[in-house]
2 protein chains.
Amino acid sequence: MARASTTSDAFNAIAEPRRREILSYLAGIERPVGEIAEALGLEQPSVSKHLRVLKDVGLVRMRCQGRQKLYRTNAEAIRPLHQWAATFERYWQHQLTRVKARAEAMARQGSPQLDSAKSKEK
Amino acid sequence: MARASTTSDAFNAIAEPRRREILSYLAGIERPVGEIAEALGLEQPSVSKHLRVLKDVGLVRMRCQGRQKLYRTNAEAIRPLHQWAATFERYWQHQLTRVKARAEAMARQGSPQLDSAKSKEK
DNA sequence: ACGGTATATTCCCATATGGGAATATGTCAA
DNA sequence: TTGACATATTCCCATATGGGAATATACCGT
């Protein structure tokens, strides 16, 4: 079956580094295709193709102005990704407190050395 | 060139829906491969392959226990994704305040109707 | 209508996939 | 050692990719 298509959802769309660059570049501003291509050092057809994917999943919005088309990032479409990642927030917080607790325990009873030195132990 | 490999970074790894399911399932708990397969209704070889990808990018950790291998989600590896998405937070906030402001403006001067009714306008 | 600019699409191709089936590796128990 | 269980890997295949090059489409000014 191969991988799911990039047009199926935002997760697949942002898997491509160039598309993430485009999204960052178009955050808050509106730019024509040519300018995007020049700014990011990409070929125009390549940019058009990436924009197509991003538009299909709603990550960018397009507006026509004369002969050029202005694109901008639709930040709202990134929220689901943010929320999905936030699902794991409590777990990495747990991990951090565990790491911190262990570090403090070692500092309390072990010899007072730097972490870089202690990491070689065991 | 084709798409970047799934083992290259976390963004590519989470593009696959099954892998996101696995990550959610293994959040906070530690489970052997067989149990993961059964819980998610996947074939064992398939789970092993997905776990391989997830392990290669650091999204899961593995520990051997007798003849079985216990996996768990490494939540810390999801933080970069969360932070990348958070980059756009100020923009979707802007959009929300714009929407809210417009809604309030309409409520102030238009007839006092519900949003659901007003959304049909113009 | 014409030429020119701005984008989008198509074609071709090397490559990366994920699933299924079969098989290999590893570990325990007797 | 042998056998059974738990995972990992390999092979094969249909499919989706992204880039480059060439081409099509759309809109503008004259």
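Chain naming here is simple, since letters A, B, ... match the order of the sequence lines and numbering starts at 1 in each.
Here E30(A) pairs with R63(A) under the side chain to side chain donor-acceptor pair (under 3.5 Å) rule; sequence neighbours left out. Taking Q44(B) as the reference, S48(B) meet the side chain to side chain donor-acceptor pair (under 3.5 Å) condition, with sequence neighbours excluded. Listed by chain and number, the residues in a salt bridge (charged side-chain N to carboxylate O under 4.0 Å, His left out) with E89(B) amount to none (sequence neighbours excluded). Under the rule for a ring-ring contact (aromatic ring centres under 6.0 Å, His included), the partners of F11(B) that lie at least two apart in sequence or sit in another chain are W84(B). Checked against side chain to side chain donor-acceptor pair (under 3.5 Å), R67(A) has no partners two or more places apart in sequence or in another chain. A search for side chain to side chain donor-acceptor pair (under 3.5 Å) contacts involving E43(A) returns nothing, not counting sequence neighbours.
Applying the ring-ring contact (aromatic ring centres under 6.0 Å, His included) test to every pair with at least one member in residues 42-83 of chain A, sequence neighbours left out, gives these pairs: H82(A)-H82(B), H82(A)-W92(B). The salt bridge (charged side-chain N to carboxylate O under 4.0 Å, His left out) analysis of residues 51-61 of chain B, with sequence neighbours excluded, yields the pairs R52(B)-D56(B).
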Show me the donor-acceptor pairs, under 3.5 Å and distance only, between side chains in residues 21-29 of chain A and residues at least two apart or in other chains.
| from | atom 1 | to | atom 2 | distance (Å) |
| --- | --- | --- | --- | --- |
| S24(A) | OG | R20(A) | O | 3.2 |

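Phosphate proximity of dA8(D) to Y71(B): present, with a side-chain N or O under 4.0 Å from OP1 or OP2.
Q44(B) comes within contact range of at least one nucleobase, with a heavy-atom separation under 4.0 Å.
Across residues 45-56 of chain A, P45(A), S48(A), K49(A), R52(A) each have a non-hydrogen atom less than 4.0 Å from an atom of DNA chain C (numbered order). Taking every heavy atom of residues 23-40 of chain A and every atom of DNA chain C, pairs under 4.0 Å involve P32(A), V33(A), G34(A), by number.
To the nearest angstrom, P of dA22(D) lies 12 Å from CD of E43(A). Per the geometry, CG belonging to N12(B) stands 12 Å off P belonging to dA16(C), to the nearest Å. We find that CD of Q68(B) is positioned 12 Å from P of dA29(C), with the value rounded to whole Å. Whole-Å rounding puts the F11(A) CZ to dT17(D) C1' distance at 20 Å. As rounded to whole Å, 9 Å separates atom C1' of dT7(D) from atom CE of M62(B). For L42(A) and dA21(D), the CG to P distance is 14 Å, given to the nearest whole Å. Look at CZ on R63(B): it is 13 Å from P on dT7(D), rounded to the nearest Å. Residue E16(B) contributes atom CD, which lies 13 Å from atom P of dA16(D) at whole-angstrom precision.
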**OP:** Take nucleotides 25-30 of chain D nucleotide by nucleotide from the 5' end and write B, S or -, depending on whether a protein heavy atom sits under 4.0 Å from the base, only from the sugar-phosphate, or from neither.
**Re:** --SS--
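Counting only distance, with no hydrogens or angles, the side chain of N74(A) and the backbone of L59(A) share no donor-acceptor pair below 3.5 Å.
Shortest non-hydrogen contact noted between A15(A) and N12(B) is O-ND2, 3.3 Å.
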